[in-house]
Amino acid sequence: MWFNSKRPKLPDSYNFWLILSLILILSTVWRLRNIAGFSGDYDEGAHLMEAWLLSQGYRLYEEILLPLPPLLVQPLAWLFHLTGPSSVAARWLEIAYAGVGLVAIACLGRKLWTTSSGWLAAVILSIAPGYFRLSRFSLGNVPATALGIFSLYGGWLYFEHGRRRWLILAGLIASTGLLIKPLSVAVPFLLVGLVIVRHGRAWRVAKTTDNKSSQPSGCLQEAIIDGLLLMLALALPLALAFLTYHTPAMVNQLIIFRYRLAQSQTQDQDIFFNLQRLWQFLSNNAGLSLLAVAGLCWLLFGSKRKGGWFILAWLGLSLVSIVGYQSLQRHHLILLEPPLALLAVLAIDETARSLFGFSKHNRLPVKLIAWFSLAVILFYLGTLPTIISDHLSTRPQGLTWDDDRERWQAVKLLQELTSAEQFVLSDDLAIPFEARRRVPPWLSDPSRAVIEAGYIDQKTAIQVADRQAAAVLFWSGRFREELPIFTWWVENNFTQSVAVRADRVIYFNKQPPTISFPNRVDLGGILRFEGYDLTYQSEADRVNLSLTLYWRKLEETDIDYAVTVRALDDAGQRVAQVDGQFFQGYFPTGNWPVGVLFWDTIVVEIPLTDTSSVKNLAVGVYNPDTLQLLTIPNSVDDLLLLPLKM
């Protein structure tokens, strides 16, 4: 009869990939919801701007300052060649990377345990708060993490089957992930561990057998070969990257930058701060964390211990790398979610086997762990509505743009006040990117870390703004807090401004000031005097002369020169005198960029009884260490005489 006929059973691999494909489709559709309706954080804007500049022909590391590996922005630049600069296209690429990670962890879970374990691992990681949120904007953490998982899957295939092609592939993928972002630094160490453990087991077996073809010396030789192959696979992408880009500049921005940043006092964060942030992450993800604890218990007392040491090593090395971060940020903690997801899967799988009678272990500790795990599973399920609700929100935590009218207003203002050919400066790069306005390449990432490491200073910012900027946007507070002299210079050189909010201002229409008394004179080939303005203000017992002097630096010097202003009578005798460094020492000449116009106002107080006798103001510039004045052509005493009528 037809109901007695046996249907052909579908292959297990077919079922696995069918269900996994459905999981990937649902995960992708979920992430694409309102993908253009929010902004990420500061880093996303910087990465998008750097990729756009790279796509327009600017050279990475030589012209574009990027203290990160090249594969973070290079794929985005290739994408922008096809789509144009688009945050949506960049986020599509991030979601694709996230899918790679989900496939890798599903395959790893299936290889370690069962097919259902692989599906469950993909689901848990997909909805993990960090992995979900960070996969929706272009930051680089998800791609680096996804390739790290993929590399470990290849490493496990090598561990089980001994095929070197998997080891080589794992090394290549691990190195590629590090070239996106040096986040999964534990992965190469885990691959080395897999080689050691595999050949260590083979060596122990060889010691107990009489087979001459399997001697300890042969095992050692095989281990050395595998280790060398892994090292070569890890080194190849790194070598190609250093050969592709300008090597000295790349070394400077990838390696020396980290050293200089480590020396900056403001970046210091002790281990207790990192532990506090780690605890905050685990408590905010209490459901997943407790499931992982239950998984650890099952590793100790359950029947599924296959790969347990591998997962524990993965989690342990990730924890060590996180705690050792000098500047730990919340997005770094995504490293913990893949091993936590696998431990959670182990807890769910073992609990089901124990409670439904599939496990042969009926000891009391096992039963206690089973009931504890069941309680944890119910708790985790209770947290899912909140997690899913946040994922479905049009304004998820940390992603706000949809109704941020100030940002869109700033975008429109930049589009109206500047042209597409002009450069603008901004301390929030997402705004000029959305306005399709480029920033000068060297200022494509004015982050606090870059400024504190000394790669962007007051002098550089002023010089670039003077030569290239049509507008300057003060938005995030980075310019005002980290570059106060540059802020002062912008406020005094850009003649018009639009305040979107009290602390969010766009400065534009840069125009040189009108000098009342122009008089160009070079002083010692170091400074050029451009002229002066002079105003008077009478007091009860004195007259205050407000003298604004205009200067331009002609060549680099480390000397912080001082200026002297003397009020002279008919006989050349001093009636009053003011000495001091320019800008009262706040902005010394050693920090001035070459060729940029500066002006400094000095107030000279003239006693009321001497006002009629003052005929000239004498101005000179001198080295405060030697008191030597800078020479002035056709001047006996190296002083500029400025006529004065009181």
Side-chain angles (χ1 to χ4, degrees), residues 43-86 89-90 92-94 96-97 100-101 138-148 150-151 154 165 167-185 187-188 191 228-261 429 433 438-445 447 449-450 453 455-456:
D43 288 343
E44 182 186 40
H47 299 161
L48 295 177
M49 182 61 70
E50 290 155 352
W52 185 25
L53 292 169
L54 184 58
S55 70
Q56 292 188 317
Y58 293 97
R59 296 185 300 274
L60 202 58
Y61 302 115
E62 293 179 81
E63 297 174 291
I64 302 173
L65 175 61
L66 179 66
L68 288 168
L71 294 189
L72 179 65
V73 299
Q74 184 66 75
L76 290 176
W78 291 330
L79 182 64
F80 290 167
H81 274 297
L82 300 175
T83 65
S86 169
W92 264 96
L93 182 60
E94 202 83 4
Y97 275 120
V100 171
S138 185
L139 193 59
N141 296 74
V142 167
T145 303
L147 292 187
F150 196 1
S151 173
R165 63 172 178 267
L167 182 63
I168 295 172
L169 180 63
L172 293 173
I173 295 174
S175 186
T176 302
L178 293 175
L179 284 173
I180 295 177
K181 210 166 189 179
L183 193 65
S184 299
V185 292
V187 171
L191 295 177
L228 290 175
L229 287 174
L230 177 59
M231 293 300 107
L232 288 173
L234 289 169
L236 182 59
L238 297 174
L240 289 176
F242 278 95
L243 291 174
T244 301
Y245 302 95
H246 191 264
T247 302
M250 191 173 178
V251 170
N252 183 18
Q253 295 172 42
L254 292 186
I255 300 173
I256 299 177
F257 168 80
R258 296 295 166 185
Y259 172 77
R260 293 172 64 175
L261 183 60
L429 284 303
F433 181 83
R438 298 168 300 164
V439 301
W442 196 253
L443 295 182
S444 61
D445 183 13
S447 65
V450 170
Y455 283 79
I456 295 177

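Just so you know, these numbers use all the heavy atoms, side chains as well, and skip hydrogens, waters and symmetry mates.
- Remark: the backbone N or O of Ala89 is paired with a side-chain donor or acceptor of Ser86 at under 3.5 angstrom.
- Using a 4.5 Å cut-off on side-chain heavy atoms (C-beta onward), Leu139 and Lys181 make contact.
- The main-chain N or O of Gly148 is never found under 3.5 Å from a side-chain atom of Ser151 such that the two would form a donor-acceptor pair.
- Within the 4.5 Å cutoff, the side chain of Glu94 has heavy atoms near those of the Pro143 side chain.
- Not counting sequence neighbours, Ala96 has no partner by the side-chain contact (heavy atoms from CB on, under 4.5 Å) test.
- Side chains of Tyr61 and Pro70 form a contact here, defined as non-hydrogen atoms less than 4.5 Å apart.
- Of all the heavy atoms in Ala174 and Leu191, the pair that sits closest is CB-CD1, 4.1 Å.
- Taking 4.5 Å as the limit, some side-chain heavy atom of Leu68 sits within range of a side-chain heavy atom of His47.
- A distance-only check finds no donor-acceptor pair linking the side chain of Ser175 to the backbone of Leu172 [under 3.5 Å].
- Atom-to-atom distance recorded for Ser447:OG and Ile456:CD1 is 7.0 Å, nearest 0.5 angstrom.
- Annotation: side-chain hydrogen bond (donor to acceptor under 3.5 Å, both in side chains) contacts involving residues 234-252, sequence neighbours excluded, comprise Gln74-Tyr245, Asn252-Tyr455.
- Annotation: side chain of Leu254 is in contact with side chain of Pro69 (closest heavy-atom distance under 4.5 Å).
- Summarising the local packing, CZ of Phe433 is surrounded by more than 12 heavy atoms from other residues, nucleotides or ligands at distances under 6.0 Å.
- One finds the CD atom of Glu62 at 12.0 Å from the CE atom of Met250 (value rounded to the nearest 0.5 Å).
- Inter-residue side-chain proximity for Thr145 and Tyr97 is flagged as unmet; no heavy-atom pair is nearer than 4.5 Å.
- Minimum heavy-atom separation, Pro188 to Leu234: CB-CD1, 4.1 Å.
- Pairing each heavy atom of Ala233 with each of Ile168, the nearest pair is CB-O, 3.4 Å.
- When Leu65, Leu443, Leu66, Leu261 are each tested for a side-chain contact (heavy atoms from CB on, under 4.5 Å) with Val450, only one passes: Leu65.
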